[in-house]
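Reviewing the structure listed below.
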Amino acid sequence: MTWRLRVESVRRLAADAAASLLLRPGHTIGMVAGIALGVAGVVGIVVIADTQQIQVDRQFDLQRSDRVVVRAWTPTKAGFDATRVAAAEQLEPVLDVGEFSVWSRARTVSRTDGTARSSRPVLVADGSGLLATDTRVVRGRSGDSLSTARGPVAWIGERLARDLGLAPGDDLDNAQVLVGDLPFEVVGIIANDEGFGYASSGVLISRKTAVATLGGVGENVRVIAHVRPGSASAVGDNMVAGLDPYRELMLEDVTPPDGKVLLSNVGSDLRRIGAALGGFMGLIGMITVANTLMMAVYQRRRELGLRSAMGWKRRRIGVLVLTESATAGIVASTLGVGLGLGVAVIWSHVQHWELILAPWLPFAAIGSGLTASLVGGIIPAYLAASTPPMTAMRS
Amino acid sequence: MLRGVGLEVAEPVPTRILHPVDLDIESATAVAVVGPSGAGKTTLASLIGALQQPTEGSYRFDGQEVAGMSGARLAEFRARDVGFVFQHSHLIDERSVVANVDLGLVGSELHRVERAELCAAALEWVGLATLGARRSAFLSGGERHRVAIARALVKSPRLILADEPTAALDQETGREILELLANATARGATVILVTHDPRAVEYVDAVHRIVDGRLTGGGHS
Ligand SMILES: Nc1ncnc2c1ncn2[C@@H]1O[C@H](COP(=O)(O)OP(=O)(O)OP(=O)(O)O)[C@@H](O)[C@H]1O
Ligand SMILES: [Mg+2]
């Protein structure tokens, strides 16, 4: 077969399929609607999720610009020089500045009887570090006493307290936790919902306590400053130079910090929900296609039998039905993309958001819609191909 | 040429539908297969038209053995060599007359323009040259049969099989259809008319009678 005849044969198949679809508008609309709504659902949700994510990121950018994080790559047991930190606090745009370090990213924390074990971060901070990160002491001893605390005393995060079974309002008098196998007296409960959420599920101790009990120099040792918006970069430079003039600690300005990761996770959760919902609707669309085509094939037994009697091969009859489902799938997905985008555009407009559209999304959506309708067409196509040619003679 | 061709079915109970028959048909002649209802006429026609395979015997078409061909080869054989006209015209109502005739051009690797010419010629031959663009649903019963004949003839098959082509038509129209079919021999086709219609014998070269799944004889008219 030359390419011209091949094109001609494909064209006839497409024309045949299009005619069959147009001849049964009721069926076709039902089939198209299933897939179209599924695709519209995914596209709408993903676009809105992406758009919303950008808004969240932007808002966070604004917030982030008022937190400076300076990290020590070669920390020492002594930590930061208190007088130099105090000097940094004297800078005009600085509201609060202090240490807020992760001494250990994961330690086993449990009740004193060894139950309720889990892996938790151990934080080291001073009172100003808590202020700079908006970490609140919700109960117990104030954060100021961190600078004097030496013994095995700890503040624990609100969530950790709940997981350990310390109900809110419980007397903290005799509360204790094991970090590793070391007992600590719980003297306070802390919480943070400003992008340093891990404080709510970790254990907080003073630097002196950390050096004395856990040892080491800390895994992620940082000074965090709360500054006036817009001054972050200037303050960062100043702090790197001012806190470590002899480059002992190898300070580096690592603003933006941890919080960003946290919020991005929220965004991708939303997308995952969109994808799951879309998959579910795609499944329903697929079943609709299978069901509709099955009915159509049954109603067309005479016509299919006639084609078979006239010498159409099984494969060509199957391909005809698959072409119909593919055509319906492409039309439906295109409509669905249009519908989903339309909803997203209107939603963003109402919210005064700038629409964010991943360029691959429409293609992926049409591809998935096409795949769903093709899969839905497999059984009907097989049934159609199996119509015996005698059907034409006996009906 | 059929030699000892028979058909037995297993479902629902093993039944013999057609006892082994021997049958020779001259090419480019018209023959009628007649017999009472339930005798096995349609069954014999379906074997000759390769719509199903016999369970025994040999069927040679122009020297080529048809019994034993695979499903795909049978489809090719039907596409190339057999044109069917059924009791009901089996047109796709929603499509145009030309589109229905074009359905008969299965497997032929022709360009659009050539196909259109063949369809127009076939429609002209059955006397419907002017109706090509009409929606098939609007045709009269006789016109529908003419379109079905055009669809069977459009690929110039060597064999035309018609099963009760006149059963649904009035006297006059039935005659016209029989005449059209018999005239197809002039185009080189072998025509087999399966029918109750006693008038059919007037139009054919030979008549074969079948009763109870047995060929009981026949002869030239
Ligand atoms: N696949 C099959 N399974 C079971 N019985 C069958 C099958 N095909 C045909 N028969 C039976 O074989 C007999 C012959 O059928 P056939 O259709 O060939 O008769 P016919 O001569 O064409 O009759 P009519 O003139 O009524 O159309 C009938 O009794 C029919 O029920
Ligand atoms: Mg019959």
Side-chain angles (χ1 to χ4, degrees), chain A residues 1-29 296-297 299-321 323-324 382-395, chain B residues 9 41-47 49-53 70-96 99-115 135 137 148 151-152 154-155 157 161-164 194:
Chain A
M1 224 192 270
T2 68
W3 71 266
R4 206 190 62 175
L5 291 170
R6 213 175 280 269
V7 168
E8 179 62 18
S9 147
V10 169
R11 197 194 62 83
R12 286 188 81 208
L13 200 62
D16 243 341
S20 298
L21 287 172
L22 293 175
L23 295 182
R24 271 168 289 271
H27 276 160
T28 306
I29 289 170
V297 164
Q299 290 184 356
R300 285 164 70 191
R301 271 183 74 75
R302 225 182 44 155
E303 176 202 323
L304 295 170
L306 177 78
R307 289 180 192 270
S308 175
M310 288 192 313
W312 278 49
K313 291 191 184 156
R314 285 179 57 112
R315 208 181 60 180
R316 189 164 169 95
I317 293 179
V319 169
L320 174 69
V321 172
T323 307
E324 284 173 26
Y382 178 79
L383 287 180
S386 307
T387 312
M390 274 304 283
T391 313
M393 203 118 183
R394 299 258 183 223
S395 59
Chain B
V9 294
K41 303 185 295 293
T42 296
T43 305
L44 178 63
S46 72
L47 294 176
L51 292 175
Q52 54 184 346
Q53 284 285 28
S70 70
R73 294 282 313 285
L74 277 186
E76 278 167 23
F77 171 65
R78 291 196 302 267
R80 194 179 51 240
D81 288 322
V82 191
F84 289 98
V85 179
F86 302 108
Q87 175 175 353
H88 302 285
S89 52
H90 284 347
L91 301 186
I92 301 179
D93 278 348
E94 296 83 355
R95 304 188 69 175
S96 71
N100 271 286
V101 175
D102 186 73
L103 278 180
L105 285 173
V106 191
S108 53
E109 298 165 0
L110 293 174
H111 189 259
R112 212 182 321 177
V113 178
E114 296 167 287
R115 307 177 76 91
R135 234 175 92 127
R151 184 179 61 196
V154 68
K155 64 187 171 193
L161 262 169
D163 189 12
E164 311 280 9
V194 171

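Hydrogens, waters and symmetry mates play no part in the numbers below; they use all other heavy atoms, side chains included. Chain naming here is simple, since letters A, B, ... match the order of the sequence lines and numbering starts at 1 in each.
- With chain A as the partner, the residue from B:Glu94, B:Arg95, B:Arg78 showing the most heavy-atom pairs under 4.5 Å is B:Arg78.
- A:Arg316 does not touch chain B: none of its heavy atoms, backbone or side chain, sits under 4.5 Å away.
- No donor-acceptor pair under 3.5 Å is formed between the side chain of B:Lys155 and the backbone N or O of B:Asp81.
- No other option in B:His88, B:Glu76, B:Arg112 has as many heavy-atom pairs under 4.5 Å with chain A as B:Arg112.
- Residue A:Arg315: no heavy atom, backbone or side chain, is found under 4.5 Å from chain B.
- Of the two parts of B:Arg151, only the side chain, counted from C-beta on, holds a non-hydrogen atom closer than 4.5 Å to a non-hydrogen atom of chain A.
- Taking all atoms of both residues into account, the shortest heavy-atom contact from B:Phe84 to B:Ala152 is O-CB, 3.4 Å.
- When all heavy atoms of B:Ala75 and A:Trp312 are compared, the pair lying nearest together is CB-O, 4.1 Å.
- With respect to A:Glu324 and A:Arg300, a salt bridge is recorded, a charged nitrogen being found less than 4.0 Å from a carboxylate O.
- Chosen from A:Met393, A:Arg307, A:Lys313, the residue pairing most often with chain B at heavy-atom distances under 4.5 Å is A:Met393.
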Please step through side chain to side chain contact (heavy atoms under 4.5 Å, CB included) for the pair A:Thr387 and A:Ile317, ending with a clear verdict.
CA-CA 9 Å; A:Thr387 312; A:Ile317 293 179; 5.7 Å; no
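- Looking at B:Leu103, both its backbone and its side chain come within 4.5 Å of chain A, counting heavy atoms on both sides.
- When atom types are taken as modelled, the side chain of A:Ser308 and the backbone of A:Leu304 share no donor-acceptor pair closer than 3.5 angstrom.
- Of the atoms belonging to B:Asp102, heavy atoms from both backbone and side chain fall under 4.5 Å from chain A.
- Contacts of B:Leu91 with chain A are made by backbone atoms alone, with heavy-atom separations under 4.5 Å and no side-chain atom involved.
- Remark: A:Asp16 CG to B:Ile92 CD1 distance equals 7.0 Å, nearest 0.5 Å.
- Only the side chain of A:Arg302 comes within less than 4.5 Å of a heavy atom of chain B; its backbone N, CA, C and O stay farther away.
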